[in-house]
Number of protein chains: 2
Amino acid sequence: MQQLLKRLKDIHHISEETQEHLLAAFTQVVLPKNEYLIEEGRTCRHLYFLEQGCLRGFYNLDGKEITHWFGFENDFVTSFHSFITQTPAVENIQLMEGSVLWSISKETLTKLLDEHQEVERLLRIAYEKYYIRLEGRFVNSQFRTATERYEQLLQENSQIVERVPLGYIASYLGISQETLSRVRSRL
Amino acid sequence: MQQLLKRLKDIHHISEETQEHLLAAFTQVVLPKNEYLIEEGRTCRHLYFLEQGCLRGFYNLDGKEITHWFGFENDFVTSFHSFITQTPAVENIQLMEGSVLWSISKETLTKLLDEHQEVERLLRIAYEKYYIRLEGRFVNSQFRTATERYEQLLQENSQIVERVPLGYIASYLGISQETLSRVRSRL
DNA sequence: TTCCATTTTTGACAACAGTCAAAAATCTGC
DNA sequence: GCAGATTTTTGACTGTTGTCAAAAATGGAA
């Protein structure tokens, strides 16, 4: 739980009192490999902090599974669209390893936001960070070739390459598994 | 200015008092076609509300201009990365039509955030909306063909097609101008 | 209206990436 | 350690898109 607290404090300063309330709001969840955290069609009522393990978000397109993001240690994960709008998720989130997570419900978070101005600010800053991170990924994905994207992944996110099956990485990069295999053998 | 107020109120309820402070914080800016709002390498110190007109964000990649987003009436625009982190912008923002904007500086916004909890919440909710909008665009851009992306643009954002030169749209969709021209002639 | 600059279209060709299919390698549970 | 399932690689072929170059169309200013 110290990990979660550290991550929160890295985003924005939190008073002792708010720290206590925040930590009390999270519940530990331990799940085995391949389990689903969120399933398509169901509304996502929790936000999770991933303490240990890794997972992927994917959706179905023309019968194929498209993995569009990965989560690792110290990430906050959920289907953001579903969690924010409280509408059914279009994606699935599945554990790629047995994982330890900390969960907070939408209601509890809303309550904290009302009661602690610091939490409101913390969340605003967290969204800022997440926004510009997504923007960076978007720009890179659209305007670089498959090989360039893989090379960049190797440099900036080598743990993905080490911990994730090639097929998932291929769809994450927006290319076929065969092409990725060839790109890799060329390097 | 009523347009700006309406847009803010659509995001989240604002008290009369906060409304006054908010509106007083914005300054009108009128700029002609082709003018730059933000230039690559300079740090962006303002957030803008676009009341009338349209503009594009683009950056240079291997000597080519890549337009990666457009702004139209009622959009909040800036180089978010530069504005949030206060580091030099990697992108340019250029007016595609003569435009009327309302500008707020980073310092003024920071002050408002400190003094009005409502503004903090409004901004948090705005980021939520912008985040899930970007997420949707990301998913579509990476996993659909050029033709599909253009068809979707026609359906969901026909004003882009009507108001923006084809060359800008092509790079927005991540394809060459020639390919877009052929896609269009086939429809 | 006319001229010039800009934007869009068309053609020919090359390169990159996708698909289908099968073989090879790797991982898992017993 | 073995058998079966899963994952990765390889091969042959196809199709889409990019590039370069030139022609056609469009738009704006005088």
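As a basis for the values below, the full set of heavy atoms in this structure was taken, side chains included, without hydrogen atoms, waters or symmetry mates. Naming: A, B, ... by sequence-line order, numbering from 1 per chain. What you see is a predicted model; the values in this text were computed from it and never measured.
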I need the [atom1]-[atom2] distance between [X] and [N], as an integer number of Å.
| X | N | atom1 | atom2 | result |
| --- | --- | --- | --- | --- |
| A:Tyr150 | C:dA17 | OH | C1' | 17 Å |
| A:Arg163 | D:dT7 | CZ | C1' | 19 Å |
| A:Glu65 | D:dT7 | CD | P | 10 Å |
| A:Arg149 | C:dC16 | CZ | P | 14 Å |
| B:Leu180 | D:dT16 | CG | P | 17 Å |
| B:Gln177 | C:dT10 | CD | C1' | 12 Å |
| A:Glu178 | D:dT8 | CD | P | 12 Å |
| A:Arg186 | D:dT10 | CZ | P | 11 Å |

Rounded to the nearest 0.5 Å, what's the gap from CD1 on B:Ile11 to CZ on B:Phe76? Could you check?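 If we round to the nearest 0.5 Å, B:Ile11:CD1 and B:Phe76:CZ are 5.0 Å apart.
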What's the closest nucleotide to the side chain of B:Pro165 if the choices are C:dT8, C:dA17, C:dT19?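 The nucleotide sitting nearest to the side chain is C:dT8.
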Options C:dG18, D:dT8, C:dT10, nucleotide nearest the side-chain atoms of A:Ile175: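 Shortest atom-to-atom distance from the side chain points to C:dG18.
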Given B:Glu73 and B:Leu50, is the side-chain contact (heavy atoms from CB on, under 4.5 Å) satisfied, shown in steps? CA-CA 5 Å; B:Glu73 282 80 9; B:Leu50 182 51; 5.7 Å; no
Decide if atom CZ of A:Arg163 counts as having more than 12 heavy atoms of other residues, nucleotides or ligands within a radius under 6.0 Å.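 Counting neighbours around CZ of A:Arg163, more than 12 heavy atoms of other residues, nucleotides or ligands fall under 6.0 Å, so yes.
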For the pair A:Lys33 and A:Glu97, find out whether any cationic side-chain nitrogen is under 4.0 Å from an anionic carboxylate oxygen.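 No, this pair does not count.
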Using only side-chain N and O atoms of B:Arg184, determine if any of them is under 4.0 Å from OP1 or OP2 of C:dT9.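 Affirmative; the distance criterion is met.
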Between B:Ser176 and D:dG18, is there a contact of a side-chain N or O with OP1 or OP2 at under 4.0 Å?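 Yes, such a contact exists.
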What does B:Lys64 touch in the nucleic acid at a heavy-atom separation under 4.0 angstrom: a base, only the sugar-phosphate, or nothing?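 The residue B:Lys64 makes sugar-phosphate contact but no base contact.
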Whichever of A:Thr179 and B:Leu166 has its nearest DNA chain C nucleotide further upstream toward 5':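 The residue mapped nearer the 5' terminus is B:Leu166.
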Measure distances between side-chain N and O atoms of B:Arg182 and base N and O atoms of C:dG11, and say whether any donor-acceptor pair falls under 3.5 Å.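 Side chain to base: pair found, below 3.5 Å.
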Test ring-ring contact (aromatic ring centres under 6.0 Å, His included) on B:Phe58 and B:His68 and set out the steps. CA-CA 6 Å; B:Phe58 71 94; B:His68 60 126; 8.8 Å; no
